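In what follows, chains are A, B, ... by sequence order, proteins preceding strands, each numbered from 1. Just so it is clear, the model here is predicted, and its values are computed rather than measured.
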Number of protein chains: 2
Amino acid sequence: MSQSVEKQSGKTRIQREKREQILQAALEVFAAHGFRGSTLDQIADAAKMSKPNLLYYYSRKEDIHQTLIARLMDTWLAPLKTLNANGEPVEEICAYINRKLEMARDFPRESRLFANEILQGAPHIIEMIEGELKTLVDEKAKVIEGWMDEGQLNSCDPRHLLFAIWATTQHYADFDVQVRAVLGTDKGDESRFEDAKEFLENLFCKGLKVR
Amino acid sequence: MSQSVEKQSGKTRIQREKREQILQAALEVFAAHGFRGSTLDQIADAAKMSKPNLLYYYSRKEDIHQTLIARLMDTWLAPLKTLNANGEPVEEICAYINRKLEMARDFPRESRLFANEILQGAPHIIEMIEGELKTLVDEKAKVIEGWMDEGQLNSCDPRHLLFAIWATTQHYADFDVQVRAVLGTDKGDESRFEDAKEFLENLFCKGLKVR
DNA sequence: CTAATATTTTATCAATTGGTCAAAAACTGG
DNA sequence: CCAGTTTTTGACCAATTGATAAAATATTAG
């Protein structure tokens with residue numbers, strides 16, 4: 001009778017471990033096939049346990065997905081949140097781009113999970129998109145507009161600027177197969193992120209910097 | 001006994017019409033849920049016919065998908081193909097961006113179908129990506145590099161430039177839900193593509209133009 | 001109109017799906 | 001070791017899935 005915490009993720013060590021095992025497996029599968037395209041058998045397989053055993057930890061397929069999405073959204077919004085209104089504008093934006101690019105490199109499955117969700121109309125996160133995300137973007141857009149009004153940045157639509165940053169950075173995770181194919185196998189495997197970093201800094205900062 | 005053409009899409013008027021009906025419905029469904037996430041019932045429903053009736057025209061689910069993908073790839077590569085080595089560099093690239101943006105606006109379902117396919121590892125089009133697409137990109141990358149060598153463009157990695165163009169333009173189709181949510185409902189529904197056009201021309205051409 | 005053909009429907013199938021249940025097995029503290 | 005609990009398993013289920021067969025209907029050519 002060791003029910004100290006009820007709602008939280010796990011009371012025993014083994015529960016925490018197995019739940020994490022399942023989440024990792026599910027992340028892989030959902031990122032590759034979307035929610036509807038993924039099966040519990042696939043996830044159970046990837047998690048190296050039987051389907052009923054898996055369902056002992058998460059009693060519904062949607063619960064696993066929800067857990068993953070919820071966990072993702074925290075880390076997803078973090079980089080934009082740290083954009084500092086008091087910092088040097090071009091530096092702040094460059095740092096943001098780099099952070100996003102690092103996320104595409106280090107968490108490609110999370111990026112694809114998110115992409116899948118949005119592609120399919122964001123059924124599970126639409127309120128968060130229209131709520132928390134929109135609020136955050138509105139706030140940061142104002143910061144960027146402020147910089148532009150002060151003449152510290154060339155002016156442009158800050159929301160479309162954010163779209164462009166999201167699109168270009170996440171592209172390296174979401175369209176990974178295509179990126180690899182186009183770049184070919186000759187180049188070192190990880191050099192593409194260094195090249196992308198250089199290219200994107202150049203693209204965004206040359207256009208934004210006052211000259 | 002009117003078997004003039006065997007392999008081609010349809011001999012009778014009604015067959016051509018119904019097949020087209022099915023493809024349109026399937027495009028909608030596949031774009032929204034991916035291949036594995038889509039069901040024949042959904043497609044049959046959207047095409048307003050019974051499932052067996054649908055299977056009379058396309059005897060397998062994969063056949064429908066293959067047909068859509070094949071048809072898509074033609075139109076998908078077309079814009080890059082028309083990039084003219086003898087044109088004015090910045091103009092050529094700007095025109096390419098606009099063409100891609102128009103495709104995102106006018107064929108969002110095709111864009112999402114493609115995005116879904118790549119996200120899921122491009123199982124059905126990997127050879128074409130590694131073959132035709134790579135060849136085309138190699139060729140055009142050389143053209144762009146040529147312009148840079150001649151001093152007509154600021155130099156940068158042409159392949160990453162193409163990635164950035166693809167990512168930013170397709171973003172407006174693939175992440176439509178998010179774009180709409182972030183921009184809010186106040187603005188006119190179609191103005192976002194005009195704003196995007198202005199923003200992207202600015203972003204890419206300011207950075208590329210020699211100054 | 002009629003006969004051949006093309007289309008649609010009805011009924012059905014086996015496989016896969018998300019999910020349940022109770023029993024077995026493994027682990028826990030005492 | 002033992003009783004109580006947690007974890008795992010195997011046997012199932014109803015619903016959905018992609019697909020088939022054959023009968024019924026519509027269309028078309030002569």
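Atoms CZ (B:Arg60) and P (D:dT17) sit 20 Å apart, rounded to a whole Å. Residue A:Met49 contributes atom CE, which lies 16 Å from atom C1' of C:dA25 at whole-angstrom precision. Between A:Arg19 atom CZ and D:dT7 atom C1' the separation is 13 Å, expressed in whole Å. When rounded to the nearest whole Å, the span between NE2 of A:His65 and P of C:dG18 equals 13 Å. Atom CZ in B:Arg16 sits about 16 Å away from atom C1' in C:dT7, given to the nearest Å. The distance from atom CD1 of B:Ile43 to atom C1' of D:dA19 is 14 Å, rounded to the nearest whole Å. The CD-C1' distance, from A:Gln21 to D:dT8, rounds to 13 Å in whole Å. Across the protein-nucleic acid pair, B:Asp63 atom CG and D:dA19 atom C1' stand 12 Å apart, rounded to whole Å.
Remark: B:Lys142 fails to qualify as a cation-pi partner of B:Trp147 under the 6.0 Å distance and 45° angle criteria applied to the six-membered ring. For the pair B:Arg19 and B:Tyr58, the cation-pi test (distance below 6.0 Å, angle within 45°) is passed. A cation-pi geometry, defined here as NZ or CZ lying under 6.0 Å from the six-membered ring centre and within 45° of its normal, does not hold between B:Lys51 and B:Tyr56.
In this model, the phosphate group of C:dT9 is approached by a side-chain N or O of B:Ser50 to a distance below 4.0 Å at OP1 or OP2. For A:Lys18, a side-chain nitrogen or oxygen approaches OP1 or OP2 of D:dT8 to under 4.0 Å. Distances shown here put a side-chain N or O of B:Arg36 below 4.0 Å from the OP1 or OP2 atom of C:dT17. Look at A:Tyr56 and you won't find any side-chain N or O under 4.0 angstrom from OP1 or OP2 of D:dT8. For D:dT6, the OP1/OP2 oxygens have no side-chain nitrogen or oxygen of A:Gln15 closer than 4.0 Å. An OP1 or OP2 oxygen of D:dT7 is reached within less than 4.0 angstrom by no side-chain nitrogen or oxygen of A:Asn53.
In this model, a side-chain donor or acceptor of B:Lys51 finds a partner on the base of D:dG18 within 3.5 Å.
In the set D:dG10, C:dG18, D:dA19, C:dG18 carries the atom at the smallest distance from any side-chain atom of A:Lys61.
Within the 4.5 Å cutoff, the side chain of A:His65 has heavy atoms near those of the A:Ile69 side chain. For the pair A:Ser111 and A:Met103, the minimum side-chain heavy-atom distance is 4.5 Å or more.
Summary of the strand contacts: A:Leu54 and B:Ser38 both lie near DNA chain D, and taking for each the nucleotide with the nearest heavy atom, the more 5' one is attributed to A:Leu54. Position along DNA chain C of the nearest nucleotide to A:Leu55 versus A:Thr39 favours A:Thr39 as the more 5'-ward residue.
B:Tyr57 comes within 4.0 angstrom of the backbone, heavy atoms only, and of no base.
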